[in-house]
Amino acid sequence: MGNQTKKNCIIDIYWERIFLNVTFKIQEEVQQIYLVSGKEQYCIPLKKTELEHQYCVKINITNLEGKMLENGNYRFKIKKSEQEYEELVIDYPVAYKLENLDKVFRYYRDIYAYTINFAVKKLADEQLVCVIMSRYMKLNKNPRKHCFSNRSMKGFLKDTSFNFMANAMQGLYQLFNFLHPNKGKNILLMSETRAPMGGNLLALNQRLKERKIDQEYKISYSFSTTLQENKFHIMTKWLQLIWKISKQAFIFIDDYSPIFKYIDISPKTKLIQVWHAGVGFKSVGYARFGFGGPEPYQSSHRKYDYAIVGEEALIPVYEEVFGITKDKILPYGLARMDHFFDKENIEKIKDNLYKQFPNLKGRKVILFAPTFRGRRQAKAYYPYDKLDFAKIYEVCKQKDAIFMIKMHPFIQEKVEIPKEYADHIQDFSDYTDVNDLYYIANVLITDYSSSVYEYSKLNKPILLYTFDLDDYQLINRVHKNVREYEFATVCCTLEELLEQLENLPMEEKQNREVDKYKMASDLIIDNIILKGKE
């Protein structure tokens, strides 16, 4: 994507000791700009540079009108009238620099600190602005305790009740744990983000039964979409779940599970994360530390005894994400890929799909499986207005292809496909296992989804429809710039995407030859579950 088009913008920003240097491109003649946060505002004189329409400022953050910058989230604005301001947006190349500009100024025996953090925010007109977050901090002598704000009486009561519930949960767990000193041969498969069971946990469960482990061990299940519910229902479910957790020798989870933030499970119980994503674009867990990540100590990610990842090269990525030592990260592979290269299994899945959906047989399949937008599961969405079904339909008609839509399970809003396009555009969002769809798909269209990990191993083309590439990367932060990935073609507009589809051969390709390897499920069973018998 190119730079933003609004005329007045920030074109450079950098530090020089306590001076924040900012360069602007402003079309009209101006004498000053304003740093504005709510009712707080600071008038800052501008200096004209030798270049046309360019101005610069050198902001002394210790001496703004004779005082420090107060606590707040500040944005640069031009004053148009007594009540009206115009936002100064930020150029994309400059916005990428913000991540490395955060500052901590310690003072008074290092007990206090003044922090300056930078972020980007999207306006209603899709433009990005720079947000300067200034905060005065105080030394936390016990960071292992839960952090509370107590900004008001309402906040105090909320924090107090939450603290009571957190302590009650831990106390209840300790009581239940005392009642179950011998964990025996109990295994719990659980998820707080997905229901019903699927992915890695489903594959592990099937293998446990194939090997008749379920005849020796008692396997329990708990699957819910906890994070989509209100706090009362969450607490009610957690009280029931604590009893089940207290009895287990092994607990397997497949995503973020917040209940473990509030209870410290027994050393006799092993908590194993079989993370759902093969490889992630978006920063999560401790990779977000400093801009919305977990607390230093109170995080469920830190509680894992083991985390299972796809391959050895991913150990450093998940060492960063989970905040655990690399010896706890086991590169066993993804359980859901145990039969990924099994030709007999592939043909069986294809046959079942063609029986269930006979209109797919003999036609090309374009699988559209993007990730969600939004910060939280409860707010997950996809901007369907970025799909022009009339244009997509025409391409599919030429190719005799089905445009198969598989939305992320977090997205509750169903896509509305006009009836006149239903013979070439279909919604498969309710189909449980996206891996099955990979086998019949001739091309995958996604964006920032980890689905590229599995699909790239099938030697088939991948297109990334990233209409919001710079905005997404700047706001969500990513492990690696999407443009640097070599396994896919990046399309930043629908026109680019459709052009790629029109020119794509979409011929059947042979799957890559891969070395025989032991199944991930077997490695988990042999090295974690059965090893515990020794």
Side-chain angles (χ1 to χ4, degrees), residues 162 165-166 169 173 187-206 219-245 248 251-263 265 271-278 280 282 284-285 288 292-294 299-301 303-304 307-308 321-322 334-336 369-384 405-415 427-437 446-451 476:
F162 187 88
M165 287 300 297
M169 286 174 62
Y173 173 78
I187 298 172
L188 174 63
L189 306 183
M190 65 169 281
S191 177
E192 292 197 79
T193 59
R194 288 170 173 79
M197 177 168 53
N200 292 323
L201 291 177
L202 178 61
L204 177 60
N205 184 55
Q206 289 171 343
I219 304 175
S220 302
Y221 307 91
S222 175
F223 289 87
S224 64
T225 53
T226 305
L227 301 182
Q228 294 182 2
E229 301 181 17
N230 63 51
K231 290 184 178 179
F232 176 78
H233 285 133
I234 290 173
M235 287 296 179
T236 303
K237 283 191 174 182
W238 278 356
L239 292 175
Q240 299 170 13
L241 188 55
I242 289 172
W243 172 261
K244 189 176 284 189
I245 288 172
Q248 308 305 321
I251 301 173
F252 292 90
I253 59 177
D254 68 344
D255 203 334
Y256 174 61
S257 190
I259 190 171
F260 296 107
K261 178 178 179 179
Y262 305 109
I263 61 173
I265 59 176
L271 178 63
I272 303 100
Q273 172 66 261
V274 291
W275 193 246
H276 62 283
K282 184 169 66 172
V284 295
R288 291 185 59 80
S299 168
S300 58
H301 291 316
K303 308 290 181 71
Y304 307 148
I308 312 301
V321 167
F322 298 142
L334 304 183
R336 67 173 181 264
T371 191
F372 65 95
R373 302 304 189 275
R375 287 297 182 96
R376 295 182 291 115
Q377 181 176 343
K379 300 290 184 180
Y381 72 97
Y382 186 84
Y384 291 124
I405 299 174
K406 179 73 171 77
M407 300 311 296
H408 193 282
F410 287 1
I411 299 172
Q412 299 300 304
E413 182 187 1
K414 295 291 184 183
V415 58
D427 184 13
F428 275 70
S429 298
D430 291 333
Y431 190 86
T432 307
D433 195 345
V434 69
N435 273 24
D436 291 356
L437 306 179
T446 184
D447 40 26
Y448 317 101
S449 169
S450 65
S451 59
N476 294 289

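Computed from a predicted model, the values in this text were never measured in an experiment.
Below 30°, between 30° and 60°, or above 60°: for H301 and W275 the angle between ring planes is above 60°, a perpendicular geometry. Ring geometry for F428 against Y431 counts as tilted: the plane angle lies between 30° and 60°, on a 0 to 90° scale.
Between F372 and P409 the shortest side-chain heavy-atom distance does not fall below 4.5 Å. Using a 4.5 Å heavy-atom cutoff, the side chains of K414 and D430 are in contact. Side-chain contact between M197 and D254 is absent, with no heavy atoms from C-beta onward closer than 4.5 Å. Residues Y382 and R373 meet the side-chain proximity criterion, which asks for heavy atoms closer than 4.5 Å. Between I253 and F260, the closest side-chain pair of non-hydrogen atoms falls below 4.5 Å.
Centroid-to-centroid, the aromatic rings of Y304 and F322 come within less than 6.0 Å.
Rounded to the nearest 0.5 Å, atoms CD1 (I251) and CD1 (I245) are 5.0 Å apart.
For the salt bridge (charged side-chain N to carboxylate O under 4.0 Å, His left out) test, no residue two or more places apart in sequence or in another chain qualifies with K244. For K303, the salt bridge (charged side-chain N to carboxylate O under 4.0 Å, His left out) criterion is met by D264, not counting sequence neighbours.
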Between D436 and R336, does the salt bridge (charged side-chain N to carboxylate O under 4.0 Å, His left out) criterion hold? Intermediate values first, please. CA-CA 10 Å; D436 291 356; R336 67 173 181 264; over 6 Å; no
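No donor-acceptor contact under 3.5 angstrom links the side chains of N476 and Y448, judged on distance only.
Results of the side chain to side chain contact (heavy atoms under 4.5 Å, CB included) test with V274 over N200, L334, L189 single out N200 as the only residue that passes.
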